[in-house]
Novice: 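So that we are looking at the same thing, I have put the structure below in structure tokens.
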Amino acid sequence: MDRSRIPDQVLVAGASGETGQELLSVLRPTELSVRATTRSYANVDMLERHGADDVIVADFFESADAVAAVDDCDIVYCTLGTPPGVRHTIGTRLVDRTGVINLITAAVGAGVSYFVLESAIGVGTSKAGLSLPARLLIRGTLSAKHDAETALRRSGLDYTIVRPGRLTNDPPSDAVVVNEGGGSFSGSIPRADVAQVMAASPFTPDARNRTLEIVSRDGMTSEPPNHVNIDWADDRLTADREHRRI
């Protein structure tokens, strides 16, 4: 991503999910134009109240919808995920794979500058951070997210892949522990913290083209085998806002 260029429009894909709504709240005070997507017209008013400037009803199983969603966007934040159900186990037709890969492909075609993907601890190298029974229960989703991660790494896009631990609706902790390289790192984290990390990632040079596992310090249940210190650019969006006013 060209750090000298201030992005104008960002996309929050899967904005009607709980993490997506938190991400809208983080982005709302900025001067960025925020486009949100949802699969249901019933969510449009709610997403506008959360701060979306533009809402598109999209089905990411359809390539054309993915192309329309990313049009004129500089950054894509992807929080797409499968609702609870048996599909997490059997892994048939999951948006975590097909939808995300369609979105990545569209982002490449549109010349998107940066792509931030919400994945999960338990995927790929981080499988030891999730118990065997839990892995078996959601094995379909873990496989789908692994395929999506691989597609993003191979896409040529600048990216950050964020693998949070067990998600909670607790207030933000503002104390995120970061691991890189997987292993047995585990714990929980408020969705608000995940949203803050995702929002800052495109503006944080240390996060570029990395796959990072995150939990809150209070929610950590095992020590990170490869702890990394990242100076998240939480103030960069504010700086962009002030720059625009000069």
Side-chain angles (χ1 to χ4, degrees), residues 1-3 7 10-14 19-20 23 37 60-61 63 66-67 69-70 73-82 91 93-130 135 138-165 167 176 178-186 189 194-195 197-215 224-230 232-233:
M1 181 177 179
D2 182 357
R3 305 290 165 178
V10 303
L11 173 70
V12 179
T19 303
L23 189 50
T37 74
F60 286 107
F61 288 108
S63 298
V67 170
V70 302
C73 288
D74 300 296
I75 296 170
V76 171
Y77 296 103
C78 180
T79 64
L80 295 174
T82 301
R93 198 172 185 267
L94 296 180
V95 72
D96 310 69
R97 175 187 292 109
T98 306
V100 175
I101 291 175
N102 282 343
L103 186 59
I104 292 167
T105 302
V108 171
V112 164
S113 298
Y114 209 98
F115 197 109
V116 184
L117 174 63
E118 181 189 16
S119 185
I121 286 180
V123 175
T125 57
S126 68
K127 68 178 183 180
L130 197 62
R135 294 204 306 272
I138 60 170
R139 60 184 180 274
T141 298
L142 296 177
S143 175
K145 289 183 181 297
H146 177 270
D147 291 348
E149 286 190 7
T150 300
L152 181 54
R153 294 189 193 98
R154 293 175 177 174
S155 69
L157 295 167
D158 282 341
Y159 69 87
T160 302
I161 296 170
V162 178
R163 292 172 171 170
L167 297 170
V176 175
V178 183
N179 182 73
E180 184 176 25
S184 60
F185 186 51
S186 63
I189 185 169
V194 178
V197 166
M198 291 183 68
S201 289
F203 309 99
T204 303
D206 285 348
R208 181 174 176 266
N209 297 338
R210 299 176 81 171
T211 300
L212 304 170
E213 294 88 33
I214 60 171
V215 304
N226 188 20
H227 178 258
V228 291
N229 289 309
I230 293 184
W232 298 105

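Because only heavy atoms are used, hydrogens play no part in the values below, and waters and symmetry mates are left out as well, while side chains stay in.
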Novice: Which distance, rounded to the nearest 0.5 Å, do you find between the CD1 of Ile161 and the CG of Leu152?
Specialist: 5.0 Å
Novice: If we only count heavy atoms from C-beta on, is the Trp232 to Val197 side-chain gap below 4.5 Å?
Specialist: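 With C-beta onward as the side chain, the pair touches.
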Novice: Go through the steps to decide whether Leu142 and Leu130 satisfy the test side chain to side chain contact (heavy atoms under 4.5 Å, CB included), and finish with yes or no.
Specialist: CA-CA 11 Å; Leu142 296 177; Leu130 197 62; 4.1 Å; yes
Novice: Which heavy atom of Lys145 sits nearest a heavy atom of Asp96, and at what distance?
Specialist: NZ-OD2, 3.0 Å
Novice: Atom OG of Ser63 and atom CG of Asn102: how far apart are they, to the nearest 0.5 Å?
Specialist: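 These two atoms lie 4.0 Å from each other.
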Novice: Is a side-chain donor or acceptor of Asp158 paired with a backbone partner of Arg208 at a separation under 3.5 angstrom?
Specialist: no
Novice: Quick one: are Phe185 and Ser126 in side-chain contact, heavy atoms under 4.5 Å?
Specialist: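 In short, these two side chains do not touch, never coming nearer than 4.5 Å.
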Novice: Looking at every heavy atom in both Gly182 and Glu213, which two are closest together, and how far apart are they?
Specialist: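 Answer, listing the atom of Gly182 first, then Glu213: N-OE1, 3.1 Å.
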Novice: Donor-acceptor pair, Asn226 side chain versus Glu180 backbone, under 3.5 Å?
Specialist: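 Checked: pair present.
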Novice: Hey, are Arg210 and Thr204 close enough side-chain-wise for a donor-acceptor pair under 3.5 Å?
Specialist: no
Novice: Would you confirm whether Arg163, through its side chain, and Ser119, through its main-chain N or O, come within 3.5 Å as a donor-acceptor pair?
Specialist: no
Novice: Could you check whether any side-chain heavy atom of Phe61 comes within less than 4.5 Å of a side-chain heavy atom of Val95, counting everything from C-beta outward?
Specialist: yes
Novice: Check whether any side-chain N or O of Thr105 sits under 3.5 Å from a backbone N or O of Ile101 as a donor-acceptor pair, and report yes or no.
Specialist: yes
Novice: For the pair Thr160 (side chain) and Val116 (backbone), establish whether a donor and an acceptor sit closer than 3.5 Å, ignoring hydrogens and angles.
Specialist: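 Looks like no, no N/O pair under 3.5 Å.
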Novice: On a heavy-atom basis, which atom in Tyr77 and which in Pro202 lie closest, and how many Å separate them?
Specialist: OH-CG, 3.6 Å
Novice: Identify, with sequence neighbours excluded, every residue that meets side chain to side chain contact (heavy atoms under 4.5 Å, CB included) alongside Ala128.
Specialist: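 Expected list: Ser184.
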Novice: Would you say the side chain of Glu118 lies within less than 4.5 Å of the side chain of Val162, judging by non-hydrogen atoms?
Specialist: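 No - every pair of side-chain heavy atoms lies 4.5 Å or more apart.
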Novice: Taking all non-hydrogen atoms of both residues, which atom of Pro164 and which atom of Val194 are closest, and how far apart?
Specialist: CB-CG2, 3.7 Å
Novice: Using salt bridge (Lys or Arg N to Asp or Glu O under 4.0 Å) as the criterion, list what pairs up with Arg153, not counting sequence neighbours.
Specialist: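 Checked Arg153 against salt bridge (Lys or Arg N to Asp or Glu O under 4.0 Å); matches are Glu149.
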Novice: Within the structure provided, determine whether Tyr159 and Ser201 are in side-chain contact (heavy-atom separation under 4.5 Å).
Specialist: no
Novice: Between the main-chain N or O of Gly14 and the side-chain N or O of Thr37, is there a donor-acceptor pair closer than 3.5 Å?
Specialist: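 Yes: the side chain of Thr37 pairs with the backbone of Gly14.
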Novice: Are the side chains of Leu11 and Val112 in contact, using a 4.5 Å heavy-atom criterion?
Specialist: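 Answer no - side chains too far apart.
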Novice: Just to verify, which of Ile189, Ile230, Ile121, Asn179 counts as forming a side chain to side chain contact (heavy atoms under 4.5 Å, CB included) with Ile214?
Specialist: Ile189
Novice: Could you pull out the closest heavy-atom pair between Leu103 and Ala13, with the gap in Å?
Specialist: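 Closest pair (atom of Leu103, atom of Ala13, distance): CD2-CB, 3.6 Å.
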Novice: With a 4.5 Å limit on heavy-atom distance, are the side chains of Ile75 and Phe203 in contact?
Specialist: yes
Novice: With sequence neighbours left out, what residues match Ser186 under side chain to side chain donor-acceptor pair (under 3.5 Å)?
Specialist: Thr221, Ser222
Novice: Taking all atoms of both residues into account, what is the closest heavy-atom pair of Leu94 and Ala144, and its distance?
Specialist: CD1-CB, 3.8 Å
